[in-house]
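Okay, structure first, notes after.
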Amino acid sequence: MSGKVSYFTSTLRTALLLLLGSMSFVTHAATASQHGIAMHGSLKYPADFSHFDYTNPDAPKGGQLREAAIGTFDSLNPFIIKGTVAEGTGLLYDSLLARAYDEPFSLYGLLAKQLRVAEDRSWIEFDIRSEARFSDGKPVRAQDVVFTFETLLDKGSPFFKSYYGDIKQVTALSERSVRFEFNATINRELPLIVGEVPILPQHYWADRDFSTPSLEIPTGSGPYRIARIDPGRTVVYERRGDYWGTDLPVNRGRHNFDIRQYDYYRDSTVALEAFKAGEYDFRAEYSSKAWATGYTGAPFEDGRILKEEIEHGNPRGMQGFVMNTRRDLFADARVRQALTLAFDFEWTNRNLFYGAYTRSNSYFSNSDMAATELPTKAELDILEPLRDQLPAEVFTQVYQAPSTDGSGRNRQQLRQALRLLQQAGWRLDNGRLVNSQGTPFHFEILLVQKEFERVASPFIRNLERLGISADIRIVDVSQYINRLRQFDFDMVVSSFGQSSSPGNEQRDYWHSQSADRVGSRNLIGISNPAIDQLVELLIAAPDREQLVLRARALDRALQWNHYIIPHYHISAWRIAYWNRYRHPEISPTHDLGLDTWWATP
């Protein structure tokens with residue numbers, strides 16, 4: 001696929017297509033309507049299902065759930081690149097379809113009552129429920145869907161132009177029927193991902209500037225509306241008593257709290273103390289040190305606060321020190337590999353993380369898509385045409401991130417790192433590593449979370465042994481977001497999340513077309529034709545077997561280019577909450593499912 005964006009039809013052409021819509025609709029009327037769609041294979045839930053297995057349909061409604069957020073916010077528009085958006089805005093909007101989190105990638109009707117899809121997935125049509133209403137009482141129409149996609153492509157974050165670039169056109173066939181046509185039929189994911197987009201009200205945005213951050217409370221179609229904001233400090237959502245979709249099968253047992261509130265704190269340390277003091281109710285913990293040492297005291301001992309680790313089946317993706325290859329300093333793969341050798345995970349895990357983590361070797365960790373063995377013949381069939389463009393190790397070795405004995409004396413790894421640096425043109429001069437022009441090897445690690453300073457500091461000490469100097473710079477959330485959007489950094493700590501069914505988002509992570517697009521997730525700056533081809537092959541996978549094979553092939557190419565200094569992962573949610581909350585006995589495989597919880601009296 002070319003990946004080029006095809007802009008939507010003009011107003012005049014849309015009007016003409018509306019006149020022809022009934023003809024198009026009749027032409028495809030013989031296509032069977034269905035209640036959902038799966039990426040691969042069959043749907044788990046039949047047309048007459050009553051609720052998802054991981055929900056409690058009898059969960060009581062009421063109460064409130066307060067959570068913490070870090071930093072600040074200055075916008076309620078999550079669809080644009082400008083501003084720092086408040087937490088929880090997804091509660092305001094519904095999409096055409098809703099995901100089942102106990103299946104790899106299956107969607108069922110939400111705004112859409114039913115759908116029809118071409119056998120080759122070249123188009124999909126949705127019929128919108130007659131009862132669907134925005135929060136101001138106006139009906140959700142097909143034209144709102146058309147408006148949403150036109151607006152996101154024209155004025156939304158640059159991400160949308162990449163993610164939805166293969167949409168040929170969106171047409172309102174009638175007041176409540178809408179049709180998507182696609183440029184290519186090899187991307188089986190497109191009919192699903194268009195069903196996940198939050199639908200915006202055209203009438204609300206008619207006289208407002210969509211491209212400008214705003215704290216004006218927007219109109220949505222979802223289960224909550226904003227009740228109150230304290231700019232930069234608090235945002236409060238209230239459950240809509242008039243919400244039209246409460247009893248839909250995809251919603252039964254969900255959205256049980258009357259109030260969802262997010263309070264902002266300066267940093268995680270302050271937020272944890274506020275949690276223990278009862279200032280908010282639920283906390284997901286991402287620091288192993290805090291999990292091991294911070295969750296103590298009377299509320300834990302007497303059972304007022306409960307701790308749980310809930311195993312999940314989510315791919316963990318990749319987190320690590322991300323090198324900006326747009327910088328000449330990190331353009332050479334040998335340099336990147338050398339820096340990887342300077343990070344002592346075993347010492348870090350033992351001394352900082354209480355042995356809680358597993359080293360990440362794959363960009364698809366904790367899944368069958370991870371390349372953990374030598375490539376099979378089926379994988380080699382995918383890789384062989386790209387042999388001249390890929391590192392030789394892709395074909396002959398299984399990638400393993402460098403390991404040590406955990407003593408903190410990783411001399412062997414540092415000697416290997418120095419050899420690689422010398423091969424790349426660097427040399428030691430009075431204890432400093434310099435290039436042929438005598439310029440020292442120096443860079444900055446940009447952080448937004450102070451907690452990562454303790455991970456970066458030992459890494460910097462090892463770099464000093466190689467003659468490399470590095471500084472840590474901690475900035476506030478707004479500055480951090482803006483610098484990442486502009487790729488204004490040397491190295492950051494970041495993560496690339498993965499789903500059980502990777503697809504179009506891979507372009508935003510690794511593809512050349514996103515390397516210089518402001519606001520993309522291609523923080524590394526990858527512009528590699530071989531990786532481009534592997535990304536497109538993954539997106540075009542015709543079935544689950546090929547999806548796994550192509551993901552492994554992409555994984556190998558990313559691994560052996562040494563783009564990231566791999567960190568670590570854990571395959572469980574670590575959560576704590578005050579004991580007035582309950583959750584269903586069955587947890588969804590691919591999500592925490594917080595919207596299925598409820599409050600007890």
Side-chain angles (χ1 to χ4, degrees), residues 1-6 39-40 120-122 158-159 161-167 182-190 193 315 317-318 325-326 331-333 336 362-364 367-399 496 498-499 501-517 520-564:
M1 287 180 287
S2 68
K4 293 177 67 177
V5 175
S6 297
M39 179 65 181
H40 299 294
D120 64 358
R121 297 202 173 185
S122 60
F159 163 80
K161 288 188 177 181
S162 171
Y163 201 58
Y164 302 112
D166 283 319
I167 297 175
F182 308 118
N183 285 323
T185 60
I186 58 174
N187 186 347
R188 293 180 55 82
E189 186 185 44
L190 273 173
I193 62 176
M318 174 64 81
T325 64
R326 303 170 188 83
D332 193 312
R336 301 194 297 267
S362 168
Y363 288 75
F364 300 92
S367 81
D368 58 353
M369 297 174 286
T372 58
E373 298 178 353
L374 286 171
T376 62
K377 181 182 182 303
E379 281 183 71
L380 289 173
D381 289 343
I382 298 168
L383 292 164
E384 194 62 42
L386 304 171
R387 179 179 284 273
D388 293 342
Q389 303 175 60
L390 293 170
E393 296 91 340
V394 164
F395 299 88
T396 59
Q397 297 182 43
V398 176
Y399 180 84
F496 299 87
Q498 296 289 357
S499 73
S501 184
N504 272 23
E505 74 286 342
Q506 305 302 305
R507 287 196 190 116
D508 201 47
Y509 287 170
W510 329 117
H511 203 285
S512 298
Q513 71 181 28
S514 63
D516 297 316
R517 192 182 71 241
S520 85
R521 288 297 317 280
N522 191 347
L523 300 178
I524 302 166
I526 298 174
S527 184
N528 183 318
I531 288 177
D532 290 349
Q533 291 189 52
L534 291 171
V535 166
E536 297 299 340
L537 284 171
L538 174 59
I539 292 171
D543 51 45
R544 180 69 192 179
E545 180 182 4
Q546 278 296 313
L547 180 77
V548 170
L549 290 172
R550 296 176 188 193
R552 289 176 183 171
L554 174 61
D555 197 20
R556 297 180 199 280
L558 295 169
Q559 290 169 332
W560 287 107
N561 273 288
H562 305 288
Y563 290 124
I564 288 178

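What you see below is based on every heavy atom in this structure, not just the backbone, and it leaves out hydrogens, waters and symmetry mates.
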For the pair [X] (side chain) and [Y] (backbone), establish whether a donor and an acceptor sit closer than 3.5 Å, ignoring hydrogens and angles.
{"X": "R326", "Y": "A515", "value": "yes"}
{"X": "D555", "Y": "Y363", "value": "yes"}
{"X": "R552", "Y": "E379", "value": "no"}
{"X": "N522", "Y": "H511", "value": "yes"}
{"X": "D532", "Y": "S512", "value": "yes"}
{"X": "D120", "Y": "S122", "value": "yes"}

Minimum side-chain heavy-atom gap [X]-[Y] below 4.5 Å:
{"X": "Q498", "Y": "S367", "answer": "no"}
{"X": "Y563", "Y": "R336", "answer": "yes"}
{"X": "Y164", "Y": "N504", "answer": "no"}
{"X": "N183", "Y": "I167", "answer": "no"}
{"X": "N561", "Y": "I531", "answer": "yes"}
{"X": "D381", "Y": "K377", "answer": "yes"}

Quiz item: Are E536 and R507 within salt-bridge range, i.e. N to O under 4.0 Å?
Solution: yes
Exercise. Could you tell me whether R188 and D543 make a salt bridge, using a distance below 4.0 angstrom between a side-chain N and a carboxylate O?
Key: no
Exercise. Give the intermediate values and the outcome of side chain to side chain contact (heavy atoms under 4.5 Å, CB included) for residues S362 and M318.
Key: CA-CA 7 Å; S362 168; M318 174 64 81; 5.8 Å; no
Gap between atom [atom2] of [Y] and atom [atom1] of [X] - 0.5 Å precision:
{"X": "E189", "Y": "S499", "atom1": "CD", "atom2": "OG", "result": "7.0 Å"}
{"X": "L383", "Y": "R556", "atom1": "CG", "atom2": "CZ", "result": "7.0 Å"}
{"X": "L554", "Y": "Q506", "atom1": "CG", "atom2": "CD", "result": "6.5 Å"}
{"X": "E384", "Y": "L390", "atom1": "CD", "atom2": "CG", "result": "10.0 Å"}

Quiz item: Please walk me through it: do L558 and I526 pass side chain to side chain contact (heavy atoms under 4.5 Å, CB included)?
Solution: CA-CA 10 Å; L558 295 169; I526 298 174; 4.0 Å; yes
Taking every non-hydrogen atom, the tightest pair across [X] and [Y]:
{"X": "A553", "Y": "I382", "result": "CB-CG2, 4.0 Å"}
{"X": "Q546", "Y": "A541", "result": "C-CB, 4.0 Å"}
{"X": "R544", "Y": "D368", "result": "NH2-OD1, 3.4 Å"}
{"X": "L190", "Y": "Y163", "result": "CD2-O, 4.4 Å"}
{"X": "T325", "Y": "I524", "result": "OG1-O, 2.6 Å"}
{"X": "Q559", "Y": "A371", "result": "NE2-O, 3.8 Å"}

Exercise. Count the heavy atoms belonging to other residues, nucleotides or ligands that lie under 6.0 Å from CD of E545, then report whether that count exceeds 12.
Key: no
Quiz item: Ring centres of W510 and F496 under 6.0 Å apart?
Solution: yes
Quiz item: Does NZ or CZ of R121 come closer than 6.0 Å to the centre of the six-membered ring of F182, within 45° of the ring's axis?
Solution: no
Quiz prompt | side chain to side chain contact (heavy atoms under 4.5 Å, CB included) between R517 and K161, worked out | solution = CA-CA 10 Å; R517 192 182 71 241; K161 288 188 177 181; 5.6 Å; no
Quiz item: Which is it for T376 and L549 under the side chain to side chain contact (heavy atoms under 4.5 Å, CB included) test, yes or no, and what are the steps along the way?
Solution: CA-CA 9 Å; T376 62; L549 290 172; 4.2 Å; yes
Exercise. Classify the ring geometry between W560 and H562 as parallel (under 30°), tilted (30 to 60°) or perpendicular (over 60°).
Key: perpendicular
